[in-house]
Amino acid sequence: MSEPSSASNFIREIVAADHAAGKHGGRVVTRFPPEPNGYIHIGHAKSICLNFGLANGTLGGACHLRFDDTNPTTEDPEYVQAIQEDVRWLGFDWQGKMFFASDYFAQLHEFAVRLIQKGLAYVDTLTADEMRTYRGTLTEPGKNSPSRNRSLDDNLDLFRRMKAGEFADGTHTLRAKIDMASPNINLRDPVLYRIRHVPHYRTGSAWCLYPSYDYAHPLSDALEGITHSICTLEFEDHRPLYEWVVEQADAPHQPQQIEFARLNLTYTVMSKRKLLELVNKKLVTGWDDPRLPTIKGLRRRGYTPESIRAFCDHIGVAKREATVEMQLLEHFIREDLNKRAPRVMAVLRPLKVILDNYPEGQSEELEAINNPEDPAAGSRQVPFSRVLYIEQDDFREDPPKQFFRLAPGREVRLRYAYIIKCISMTKDPQTGEITALHCTYDPATMSGAAQAQRKVKATIHWVSADHGAKAEVRLYHPLLTTDLAKVPQDQDWTAYLNPTSLERITGCLVEPSLRHTTSGARHQFERLGYFCTDIDSTAEALVFNRIVPLKDAWAKIEKAQPSK
RNA sequence: UGGGGGAUCGUCUAGCGGUAGGACGCCGGCCUUUGGAGCCGGCUACCUAGGUUCGAUUCCUAGUCCCCCAGCCA
């Protein structure tokens, strides 16, 4: 597995230069600041790898995990728990540096009082609608609120009463006094505190006013001694506000905000709002639905943390908007699993094969290599007998050009076993569907035997009918039928959900060694792909998720062929 | 037509005045008891127009296009 390349990027360069110059006292402290209002996804993984990577690469560096829990109406401890699990599962350790913005509520409040005393904040009684009107537009300056020149004492008193719970939600806000005419709308007296008579999952009912992101975030960073506060592009024009807050509140330390482009992936959704919608509307089975790009989803699907880290290391960090092709993610899980996943044989869509010249009632154990990429993985025994199942796709009654597999009169090798020849087939008289193949096997061609050198064009996988275990296999296809960036905002994006994103195949047959597989185990089903035993799987009812198919040269050839 | 950002192969990304490189993808070939893996070769890019310079993807000027901002969300 390719280890973190620590490929350079503009942020790494800035941090390295600062570190070398002894800025921030030579320290490098970053943070991953999720809001606990949803599960994290691979876009967050990019940020996690960046932030932890930056800190880990520096002597004495640290990366904090900080929950940005300033909005109790949407946040939930379930998410706090899940996010911790996911960060840990990805392979990162915050070394005890786990914090909550809510830890700072008292200090944040003190900073607010100071801002009021400095004449830099005021209590406003405008309603939300009025405030919007007063804010102006992108091209017109805003107007000062009538509350803007309240006396210092009035402000202090009103703010005290806000905190004491004397006012209803929405009636008062604390606003920064900056510039209602600023061309940067974020500087038009942004709201610092709003009233919410809602209990907070951590602070209970201690507070009925909660700080806004623009106020809490920079001060939380400052309080923790964050040196480089890395966030996504949409916060770029909040930076002047970020700096204003830290400066004017006389915070102990000035962190540096740096923005980068968030990750987008083709044919999937990467917005918390949309993911929540999928979960709430039960359009997916949950946050861990294997079709989702959530960490929990990827994990259940069978992705390894190593593959996700390798992916994040290779996509780079820059400021231009980018949408990475899903194939790149798939590349990294294939690369990882090719080296470590044991091979087994499984037939997804079984076609019965009867070896007419193989003695009835007889069976033998054949040796099969566990992983040709890893000699240490050893080998196992696979039972062989007269009646087998092969993949329906591996037989064609009327084979097209370049089809090397089984067809009437043709020969093929059974993996780790004999060469067989198709003699005849039986069909369902009603439907015409092929129900079984009659073949003969050549005993001299046992895999590895001296006379086994005869060349055949294909080797196919199989499972012995009497020995195989039944299984359900779940195949996953892209969540969306289009790139959402192309869908107009006012359109219902769920119309572009792929109706066949989940394909459940029952009646699959897997080799007996898989009977005792445990959930989370990953195997390569030879010639098919990499599969992960699902948590739904039991000894009686095996369930596998396809993580990613193997590259399929034949599928490409077939697709390129003129349809006959 | 306010402000803030961004434009390099199909997709990501490097470049920091000196032959535009890598990865994925795609196309060939070799090899193969997985049409997998591996190996070899090829493919295609500097938004436009001027300027500075011996030399510009890089610096300057003027355009063009794309993204973000008018939540008491983050």
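A, B, ... follow the sequence lines: proteins, then strands. Residue 1 opens every chain.
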State whether A/R188 places a side-chain N or O below 4.0 Å from either non-bridging phosphate oxygen (OP1 or OP2) of B/G71.
no
Can you tell me, in whole Å, how much space there is between the C1' of B/C31 and that of B/G36?
13 Å
B/A37 phosphate, OP1 or OP2, under 4.0 Å from A/K551 side-chain N/O:
yes
How far, in whole Å, is B/U44 from B/C26 if one measures between their C1' atoms?
10 Å
Residue-phosphate contact under 4.0 Å: A/K556 side-chain N/O, B/C27 OP1/OP2:
yes
Nearest-Å distance for atom pair CZ/P, residues A/R454 and B/U33
14 Å
Once you apply a heavy-atom cut-off of 4.0 Å, does A/F235 come out as touching a base, just sugar-phosphate, or nothing?
base
Mind checking who B/A23 pairs with, Watson-Crick or G-U wobble, both distances under 3.5 Å?
B/U11
Is the A/Y303 to A/F311 ring centre distance short of 6.0 Å?
no
Work out how far the P atom of B/C9 is from that of B/G21, and round it to whole angstrom.
14 Å
Report yes if at least one side-chain N or O of A/R132 is closer than 4.0 Å to OP1 or OP2 of B/G71; otherwise report no.
yes
Check: A/T203/A/S102 side-chain N/O donor and acceptor closer than 3.5 Å:
no
For a quick test of reading the model: is some side-chain N or O of A/K272 closer than 4.0 Å to OP1 or OP2 of B/A74?
no
Inter-nucleotide P distance (B/U58, B/G35), Å rounded:
49 Å
Would you check if the side chain of A/T133 reaches a backbone N or O of A/D129 as a donor-acceptor pair within less than 3.5 Å?
yes
Taking RNA chain B as the partner, which of residues 523-531 of chain A come within under 4.0 angstrom of it by heavy atom?
A/Q524, A/E526, A/R527
Rounded to the Å, how far apart are A/I315 CD1 and B/U13 P?
8 Å
Side chain of A/W207, backbone of A/K163: donor and acceptor closer than 3.5 Å?
no
Of the listed nucleotides (B/A37, B/G10, B/G35), which one gets closest to any side-chain atom of A/I557?
B/G35
Give a yes or no on whether the backbone of A/M345 and the side-chain of A/H461 come within a donor-acceptor separation of less than 3.5 Å.
no
Could you tell me the separation between the CZ atom of A/F260 and the P atom of B/G5, rounded to a whole number of Å?
18 Å
If only side-chain N and O atoms of A/R135 are considered, is one of them under 4.0 Å from the OP1 or OP2 phosphate oxygen of B/C69?
no
Using the P atom as the reference point in each nucleotide, state the distance between B/G28 and B/C69 in Å, no decimals.
44 Å
Side-chain (A/Q256) to main-chain (A/I14) donor-acceptor, under 3.5 angstrom
no
Counting only distance, no hydrogens or angles, is the base of B/G36 paired donor-acceptor with the side chain of A/E373 under 3.5 Å?
yes
Nearest of B/G36, B/G35, B/A74 to any side-chain atom of A/R405?
B/G35
Tell me which nucleotide among B/A74, B/U33, B/C72 gets nearest to the side chain of A/A128.
B/C72
How many Å lie between CG on A/N370 and P on B/U34, as a whole number?
16 Å
Output yes when at least one side-chain N/O atom of A/K319 is less than 4.0 Å from OP1 or OP2 of B/A7, else no.
no
Using the six-membered ring wherever Trp is involved, compare the ring planes of A/Y39 and A/W287 and label them parallel, tilted or perpendicular (cut-offs 30° and 60°).
parallel
For A/E130, report the nucleic acid contact type (base, sugar-phosphate, nothing); a contact means any heavy atom under 4.0 Å.
nothing
Of the options B/C24, B/C72, B/G35, whose atoms approach the side-chain atoms of A/A553 most closely?
B/G35
Below 3.5 Å, does any donor atom in the side chain of A/S447 face an acceptor in the base of B/U33, or the other way round?
yes
From B/C12, B/G3, B/G5, nucleotide with atom closest to A/P183 side chain
B/G3
What is the nucleic acid contact for A/H238, judged by heavy atoms within less than 4.0 Å: base, sugar-phosphate only, or nothing?
base
Using the C1' atom as the point on both nucleotides, what is the distance between B/A49 and B/U13, in whole Å?
27 Å
Check whether any side-chain nitrogen or oxygen of A/T70 sits under 4.0 Å from OP1 or OP2 of B/A74, and answer yes or no.
yes
What is the nucleic acid contact for A/E236, judged by heavy atoms within less than 4.0 Å: base, sugar-phosphate only, or nothing?
sugar-phosphate
Touch check for A/L138, heavy atoms < 4.0 angstrom, all strands: base, sugar-phosphate only, or nothing?
base
For A/D189 and A/Y134, which I'm curious about, is there any donor-acceptor pair between the side chains at under 3.5 Å?
no
Does the B/G4 base have a donor-acceptor partner in the side chain of A/R239 within less than 3.5 Å?
no
B/G71, syn or anti by chi within 90 degrees of zero
syn
Quick one: list whatever passes salt bridge (Lys or Arg N to Asp or Glu O under 4.0 Å) with A/E259, sequence neighbours left out.
A/R239, A/K319
Looking only at atom C1', what distance separates B/U8 and B/C47, rounded to whole Å?
10 Å
Donor-acceptor contact below 3.5 Å, side chain A/T445 vs main chain A/I419:
yes
Starting the side chain at C-beta, find the nucleotide from B/C27, B/A74, B/G3 nearest to A/N184.
B/G3
For the side chain of A/F403, counting heavy atoms from C-beta on, which of B/G3, B/U11, B/G35 is nearest?
B/G35
Which nucleotide wins on minimum distance to the side chain of A/E35, given the candidates B/U34, B/U33, B/A74?
B/A74
Selection from B/A74, B/G2, B/G35 that lies nearest to any side-chain heavy atom of A/Y213:
B/A74
Would you please confirm or rule out a distance under 4.0 Å between OP1 or OP2 of B/A14 and any side-chain N or O of A/R320?
yes
Please state the P separation for the pair B/A45 and B/C40 - nearest whole angstrom.
24 Å
Return the nearest nucleotide to the side chain of A/A318; candidates are B/U11, B/C27, B/A14.
B/A14
is_close_aromatic(A/F531, A/F544), centroid dist under 6.0 Å
no
